[in-house]
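Letters A, B, ... are given to chains in the order of the sequence lines, protein chains preceding strands, and every chain is numbered from 1. Reckoned from all heavy atoms, side chains included, excluding hydrogens, waters and symmetry mates. Just so it is clear, the model here is predicted, and its values are computed rather than measured.
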2 protein chains.
Amino acid sequence: MYLDERKIKILKAIIKDYILTGEPVGSRTISKKYELGVSSATIRNEMSDLEDWGFIIQPHTSAGRIPSDKGYRLYVDKLMEYETIEDKGLKLFERILEQKINQIDELMKEVAKLLSSFTNYTSMVSSPHIKKTKLKHLQLIPLDTRSVMLIIVTDANIVTNNVIRMDIPADYDTLNVLSNMLNESLKGLTIEEINLPLIQKLKVKMGIYGEIVSSILDAIDHTIQMKDTPEIYLSGTMNILNFPEFEDLVKAKQLFHTLEEKELLASLLAKVTTDGIKVTIGEENEIDEMKHCSIVTASYDIDGKTVGTIGVIGPTRMEYSKAVSVLSYISKNLDKLLRKIADG
Amino acid sequence: MYLDERKIKILKAIIKDYILTGEPVGSRTISKKYELGVSSATIRNEMSDLEDWGFIIQPHTSAGRIPSDKGYRLYVDKLMEYETIEDKGLKLFERILEQKINQIDELMKEVAKLLSSFTNYTSMVSSPHIKKTKLKHLQLIPLDTRSVMLIIVTDANIVTNNVIRMDIPADYDTLNVLSNMLNESLKGLTIEEINLPLIQKLKVKMGIYGEIVSSILDAIDHTIQMKDTPEIYLSGTMNILNFPEFEDLVKAKQLFHTLEEKELLASLLAKVTTDGIKVTIGEENEIDEMKHCSIVTASYDIDGKTVGTIGVIGPTRMEYSKAVSVLSYISKNLDKLLRKIADG
DNA sequence: AGTTAGCACTCGAGACAACAGAGTGCTAAC
DNA sequence: GTTAGCACTCTGTTGTCTCGAGTGCTAACT
C-alpha cells in the first residue's frame, strides 16, 4: 500500500466534496470538478484501491464513495489545510467585549454561543476548573446566629459561596479575625493545594478558636469538594438537526439524551489534558451514541495553567479545518477575556 | 347552542382519547370504549354539532375528529378532573432533598429536571426575581488596590457579586466600616426598594467618605440593574421530539430556536403575575412558533411574595390535568426547598 | 504498463396504480 | 329521537415500473 500524490489528491477531493455536499461522490464528479487531468475510469481504479485500504466506503453497489473514519483521520492528521481567522475572530471577540459581561458564567455562555453560531455545530464549554485556580480572597459573613456564609474568590474572580451551619454561634468580630488569619495562610495557593493535611495543620495552629475553626475548615473542604465537577455550557444543540445524517430522529434523540448528561460531557472534556487541539472521529469515541459524531476540543488557560476546555460536536462529515481553526483561535484568546472580567 | 350532558360526555371522551392516542377519534371508537349507551350513529350526529360549534375539527373528510383549541379551552376551564399527586410528589421531593444541593442554581436546575422527567414535556423554571427578595447582607471585599468585590446576599441566600473598579483606593478597614453602615441602612429592604432616590439620600448622609461611597453606591445600583432578567433553566427540551405533532422537523426546529431565546422566555414567564396556574392553548400564544403548543405555568413564592415562575411546554394535545397538578404541587412546595438551602 | 472508452449490471429514488380500512353523512325504518 | 345500512371519501400501504447515477470489467489505445 502506497499512497502516491494522485491518490492523495483524489482522497482529498472526495473528502472535501462530501463535506460540502453530504452526497456520496462518484468518479465522474471528481474528474469534472477537480482538475486532475485524468478520466473518470482512471479515478475509478484509484478509488477501488482507496476502498481496499479502508479510506473510503461505498454505501451500496451503485453509489459513489464516502470517506471512512480512517479516511477522515488521515485527512485531519496530514492533508487538511488550516484556515486563518484572525480578522474575523477579532470582530467576534469585540462583539462579546462590547456587551457588559462581568460574571464568569455569562462569559462562558456567550463563548458557547459564539462557538456554535460561528461553526454551526453544537458547542460545549467547560468553566474554569476551580481546583486549578488560585485563592485570592476568602470571607466569612454572618447571616444569623447559627449560620455563616463562606465566600471564596479565586483567579479571574470566580466566586463560590456556601452556607455553613454552626454548632457554636460566632460573632462578627471573631469571623473577621478568622477570615484574616485564613487569608494570610491560604492566599495564593491553588484550591487543590488546600487539602486535608494542610487544613489539619491549620486546625492545630489556630488552637485558640478551637471548635469554630474546625467546623469552618471542614466547610471549606466540603465546598471545594462540591465544586469539583465544572459547569458545562452547551449551545446550538439543535444545530444537529440541520445535518442530513441526523434525519433519523432516533439517532438524533439518542445524541440529545447523551448531551443532557452533563456529567458524561464533563468527564469527556476533562480528558483533554493535552495542550492544543484534539480531534476524535466517529468510532474513536468511547460513548456509543457518539460513534456517528466527531468531537473537536481545545483547552484554555488562566495564567498559563490549563483550567478548562471548549469544543464542538458534529457529524463525522465535519468541516474539520474550520472547527480546528475557530477552536484554536478562541482557546488562545479566552484568557484575555477572563482577565478582562476579572478587572471589572 | 346548548351543550347537554351527553355532548359534554362525548367531547370529554374525544379529548381524553385523543390526548392518549394522538390519533383522530371516530364515532365507533367512542361508542365502544366509552359507555354512553348509544350507537355510533347517534354519536356521529352529536359530533356533527360539536364540529359546527367549533369544539372539534375534522382533519379531512374520512377521518375522526380532533379537539380544537376552543375544545381544549372548555376542557381545561370546566370539564377536566385534577389528579392528586401528594404521595408521588413527596417522594420526588425527597429525592431532591437527599442530594446535597446548596446553591440556588443547582436547585432550580434540579426542579426543572424533575418537572420535565415527571411530565415528559419541556420544562422552564425562572430563578427568583432578585428585585422582589430582601437584602440580608452586603459586603465589600478588597481584591487589590484598585478593585473591590461587592457581594449581596438576599432571601433564600441568593448571592450576587460584582467587581467594582475604584478611582480612589480604599483600604480594608474603610470598606468594613462602609459595609456596616450600608447594612444598617439597607438590610431588610427588598432590592427594588433600593433605588436611585434612596441611594442619593445615602450619599448625602455618608458625607465623610465622599467619593468612595459614591462610586460604590453607583455600583450597587448597576449590579441590581444587571440582575434584572432572571435566569431561565430549561430541561427535557428534546422531549418535544417524542410527540408525533413534531415529526415535521421544520416545526420542531422553529420551536427549538424559540426556546433558545432566553429573553423571550423570560418575558413570557414574567407575564405570569397572577397567582395560581395559567394555561395558554395553541393560538392563544403570542409567539408564532408556539401556536402549535400549549404552555402551563405557575408562580412560586418566597415569604409569601411571588418571585418566580415554573412551567411546561408541550403540544396542544397535552395531558393538562397532569401538567396542572404537577405544577400546582411543585409551585406550592418550592418555597420549602428554597428555605432548606437557605438554612445550609 | 498505464490510461481510456464502452458497455452491461446493480441499486435506490420516485412515480403510479390498486387496494384495504377507517370514518363519515344520509336515508329510511324502528 | 335513535339506529341500521349503505354509498362515498380520503389516506396509507403495497407492488410494479422506470430512470439515472455509478460501478466494474474488458478491450483497445498510447
*Asks:* A side-chain contact here means heavy atoms from C-beta on lying under 4.5 Å apart; do Ile10(B) and Ile43(B) qualify?
*Replies:*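 In short, these two side chains touch, coming nearer than 4.5 Å.
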*Asks:* Could you state the CD1-P distance from Ile43(A) to dA5(C), rounded to the nearest angstrom?
*Replies:* 12 Å
*Asks:* Distance check needed: dG22(D) P versus Ile14(A) CD1, whole Å only.
*Replies:* 12 Å
*Asks:* Given atom CD1 of Ile57(A) and atom C1' of dG22(D), what is their separation to the nearest angstrom?
*Replies:*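 Spelled out: CD1 on Ile57(A) to C1' on dG22(D) is 17 Å.
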*Asks:* Using a strict cut-off of less than 4.0 Å between a Lys/Arg side-chain nitrogen and an Asp/Glu carboxylate oxygen, indicate whether Glu286(A) and Lys271(A) qualify as a salt bridge.
*Replies:*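 Looking at Glu286(A) and Lys271(A), the cut-off is met.
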*Asks:* Send over the distance from Ile56(A) CD1 to dG22(D) P, rounded to a whole Å.
*Replies:*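 To the nearest whole Å, that distance equals 14 Å.
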*Asks:* Distance-only, no hydrogens or angles: does the Asn285(B) side chain make a donor-acceptor pair with backbone N or O of Cys293(B) under 3.5 Å?
*Replies:*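 Present.
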*Asks:* Would you mind reading off the distance between Leu36(A) atom CG and dT4(C) atom C1', rounded to a whole angstrom?
*Replies:* 15 Å
*Asks:* Taking CD from Glu5(A) and P from dG2(C), how many angstroms apart are they, rounded to a whole number?
*Replies:*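 About 17 Å, once rounded to whole Å.
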*Asks:* Please confirm whether the backbone N or O of Val25(B) pairs with a side-chain atom of Thr29(B), one donor and one acceptor, at under 3.5 Å?
*Replies:* no
*Asks:* Tell which nucleotide pairs with dG21(C), taking only Watson-Crick or G-U wobble pairs whose two distances are both under 3.5 angstrom.
*Replies:* dC10(D)
*Asks:* Taking pairing as Watson-Crick or G-U wobble with both contacts under 3.5 Å, can you name the mate of dT3(D), or confirm there isn't one?
*Replies:* dA28(C)
*Asks:* Round to the nearest Å and state the distance from Glu23(B) atom CD to dT11(D) atom C1'.
*Replies:* 12 Å
*Asks:* Parallel under 30°, tilted from 30 to 60°, perpendicular over 60°: which one fits the rings of Tyr121(B) and Phe243(B)?
*Replies:*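 It falls in the parallel class, under 30°.
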*Asks:* Quick one: what's the B/S/- string for nucleotides 15-30 of chain C, heavy-atom cutoff under 4.0 Å, read 5' to 3'?
*Replies:* -------BSBB-----
*Asks:* Starting from P on dG12(C), measure out to CD1 on Ile66(A) and report it in whole angstrom.
*Replies:* 14 Å
*Asks:* Are Glu284(B) and Arg73(B) within salt-bridge range, i.e. N to O under 4.0 Å?
*Replies:* yes
